Amino acid sequence: MPEGPTLYMLKEQTTRFVGQTIVRASGNLKTLDPARLVGQRITGLHTWGKHFLIETPDVILRVHFLLFGTYRVDEDRDKPPRLSIGVEDGGAMNFYACAIREIDRATFDAYDFSADVMGATWDPVKARKKLRAAPDMLACDALLDQEIFSGVGNIIKNEVLFRIRVHPLSTMGALPAPKLRALVDEARQYSFDFLGWKKAFTLKEHWLAHAKKICPRCDIPYSKAKLGTSDRRSFYCERCQKRYT
């Protein structure tokens with residue numbers, strides 16, 4: 001599943017499209033006739049976690065990458081895209097295996113961009129307040145809550161908890177203040193580390209916990225289980241990741 005850093009790369013690659021007019025649009029969409037996009041000027045491109053938002057004066061599209069969504073900028077894949085958009089400078093955005101629908105202005109305005117861990121308006125204070133307001137929430141669920149950490153996925157969850165030495169079944173109410181702060185700060189820091197490694201094609205080389213078998217600190221096997229209400233895979237060390245309950 002694409003995580004926030006992947007969409008951040010998409011936003012970087014498409015920045016030049018803002019202000020350009022859409023001259024071509026095609027695709028297999030049940031909720032929108034792509035022809036409506038032709039002639040529209042792109043006024044903004046936004047990311048919110050795993051959502052990519054294409055804003056024009058009359059239409060706002062939400063692209064959700066689901067489990068297997070991908071994109072290409074200025075190039076094609078070997079299969080038809082769900083949506084292809086061409087702009088006046090000859091550039092193109094192509095989206096595959098994703099859910100795309102039009103949203104209204106009120107829905108767009110309701111996005112809390114301060115929850116996007118890689119966004120310019122990310123607010124760690126607000127994130128900590130949300131966590132303190134949910135004392136029974138497990139650490140493994142907290143990091144995957146998109147209303148708190150928009151853009152954090154399972155890889156980042158496992159790596160952040162390993163970095164800060166917190167067991168995934170720790171509760172937010174039991175976390176000492178320094179650990180709560182570390183959880184919030186590392187969610188953003190690791191997301192940008194992830195971005196740098198992904199650009200360098202070395203991401204998996206830097207994984208210390210996710211999909212690993214042996215803890216590099218303790219040299220003992222990791223525990224592996226689907227935990228929390230999210231029921232996502234967790235990899236963790238019972239010795240060096242303390243459980244706060």
Side-chain angles (χ1 to χ4, degrees), residues 1-8 49-50 65-69 115-118 122 124 127-245:
M1 174 186 292
E3 301 198 26
T6 301
L7 270 71
Y8 193 89
K50 300 168 189 178
F65 284 84
L66 306 174
L67 286 176
F68 303 109
D116 189 329
V117 294
M118 301 189 73
W122 160 249
R128 291 196 296 270
K129 287 181 179 178
K130 291 177 182 178
L131 294 175
R132 293 192 191 101
D136 296 328
M137 182 181 286
L138 300 177
C140 59
D141 289 329
L143 282 163
L144 293 179
D145 189 324
Q146 297 302 292
E147 297 299 323
I148 305 174
F149 297 107
S150 173
V152 169
N154 209 44
I155 296 170
I156 297 173
K157 176 203 77 178
N158 286 318
E159 295 295 325
V160 165
L161 291 177
F162 180 73
R163 273 191 178 186
I164 66 173
R165 298 176 180 248
V166 169
H167 193 286
L169 293 178
S170 299
T171 61
M172 293 300 98
L175 276 187
K179 286 295 184 184
L180 188 73
R181 181 178 293 273
L183 185 145
V184 171
D185 291 346
E186 284 297 338
R188 180 174 172 88
Q189 180 60 54
Y190 193 87
S191 295
F192 279 100
D193 290 344
F194 184 121
L195 175 66
W197 296 327
K198 189 171 180 64
K199 287 181 175 179
F201 303 100
T202 61
L203 177 60
K204 290 185 179 180
E205 298 173 22
H206 292 274
W207 290 353
L208 298 178
H210 184 76
K212 298 297 183 179
K213 295 182 178 180
I214 302 295
C215 172
R217 283 196 290 250
C218 303
D219 197 29
I220 62 173
Y222 274 121
S223 294
K224 173 185 172 182
K226 291 185 177 181
L227 302 177
T229 58
S230 55
D231 198 35
R232 301 293 301 282
R233 291 191 306 165
S234 289
F235 300 85
Y236 54 99
C237 179
E238 293 283 6
R239 180 180 295 173
C240 66
Q241 289 180 248
K242 184 175 178 179
R243 183 171 176 175
Y244 297 89
T245 56

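Any value given below was found using the heavy atoms of this structure, including those in side chains, with hydrogens, waters and symmetry copies removed. It should be emphasised that the depicted structure is a prediction, and the values quoted were computed from it without experimental measurement. Residue indices begin at 1 and follow the sequence shown.
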*Report the C-alpha distance between Leu183 and Phe149 in whole Å, list the side-chain angles of each, state the deciding distance to 0.1 Å, and finish with yes or no for side-chain contact (heavy atoms from CB on, under 4.5 Å).*
CA-CA 11 Å; Leu183 185 145; Phe149 297 107; 3.4 Å; yes
*Tell me, with the steps shown, if Phe194 and Ile156 meet side-chain contact (heavy atoms from CB on, under 4.5 Å).*
CA-CA 8 Å; Phe194 184 121; Ile156 297 173; 3.8 Å; yes
_If you apply the rule side-chain contact (heavy atoms from CB on, under 4.5 Å), what do you find for Arg128 with Arg181, and how did you get there?_
CA-CA 7 Å; Arg128 291 196 296 270; Arg181 181 178 293 273; 3.5 Å; yes
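The minimum heavy-atom distance between Leu195 and Pro5, with the atom names listed, is CD1-O, 3.6 Å. Closest approach of Thr171 to Pro135, counting heavy atoms only: CB-O, 3.4 Å. Closest heavy-atom contact between Ala187 and Leu143: CB-CD2, 4.0 Å. Taking each heavy atom of Ile220 and Cys237 in turn, the nearest pair found is CD1-SG, 3.9 Å. Considering every non-hydrogen atom in both Cys240 and Cys215, the closest pair reads SG-SG, 3.8 Å. Contact record, Gly4 with Met118: C-SD, 3.8 Å, taken as the closest heavy-atom pair.
Atom CG of residue Asp116 and atom CZ of residue Arg188 lie 8.5 Å apart, to the nearest 0.5 angstrom. Atom CG of Leu138 and atom CE of Met172 lie 7.5 Å apart (nearest 0.5 Å). Within the model, atoms CZ of Arg243 and CD of Glu238 stand 8.0 Å from one another, a figure rounded to the nearest 0.5 Å. Separating the CZ atom in Phe65 from the OG1 atom in Thr6 is a distance of 9.0 Å, to the nearest 0.5 Å. Here the CG-OH distance, from Leu208 to Tyr222, works out to 6.5 Å after rounding to the nearest 0.5 Å. With rounding to the nearest 0.5 Å, the separation of CG in Leu144 from CG in Asp231 is 11.0 Å.
There is no side-chain donor-acceptor pair under 3.5 Å between Gln189 and Asp185.
Proximity of a side-chain donor or acceptor of Lys157 to a complementary backbone N or O of Val152 within less than 3.5 Å is not detected. Glu159 places no side-chain N or O within donor-acceptor distance of the main-chain N or O of Ile155, the cut-off being under 3.5 Å. Of the possible polar contacts, none joining the Thr245 side chain to the Ala174 backbone as a donor-acceptor pair under 3.5 Å is found. A donor-acceptor pair under 3.5 Å is formed between the side chain of Asn158 and the backbone N or O of Phe235. Panel note: side chain Glu186, backbone Val160; no donor-acceptor pair is recorded below 3.5 Å. Of the possible donor and acceptor atoms, one in the side chain of Gln241 sits under 3.5 Å from a partner among the backbone N and O of Val166. Arg217 contributes a side-chain N or O that, together with a main-chain N or O of Phe162, makes up a donor-acceptor pair within less than 3.5 Å. When atom types are taken as modelled, the side chain of Lys130 and the backbone of Glu147 share a donor-acceptor pair closer than 3.5 angstrom. Checked by atom type and distance alone, the side chain of Asp141 pairs as donor or acceptor with a backbone atom of Thr229 at under 3.5 Å.
Side-chain atoms of Lys204 and His210, non-hydrogen and from C-beta on, never get closer than 4.5 Å to each other.
Checked against the 6.0 Å centroid threshold, Tyr8 and Phe192 count as a close aromatic pair.
For Lys198, the NZ atom counts as loosely surrounded, since its 6.0 Å shell holds 12 or fewer non-hydrogen atoms of other residues, nucleotides or ligands.
Every residue two or more places apart in sequence or in another chain was checked for a side chain to side chain donor-acceptor pair (under 3.5 Å) with Asp145, and none qualifies.
Under the 30°/60° scheme for interplanar angles, the aromatic rings of Tyr190 and Trp197 are found to stand perpendicular.
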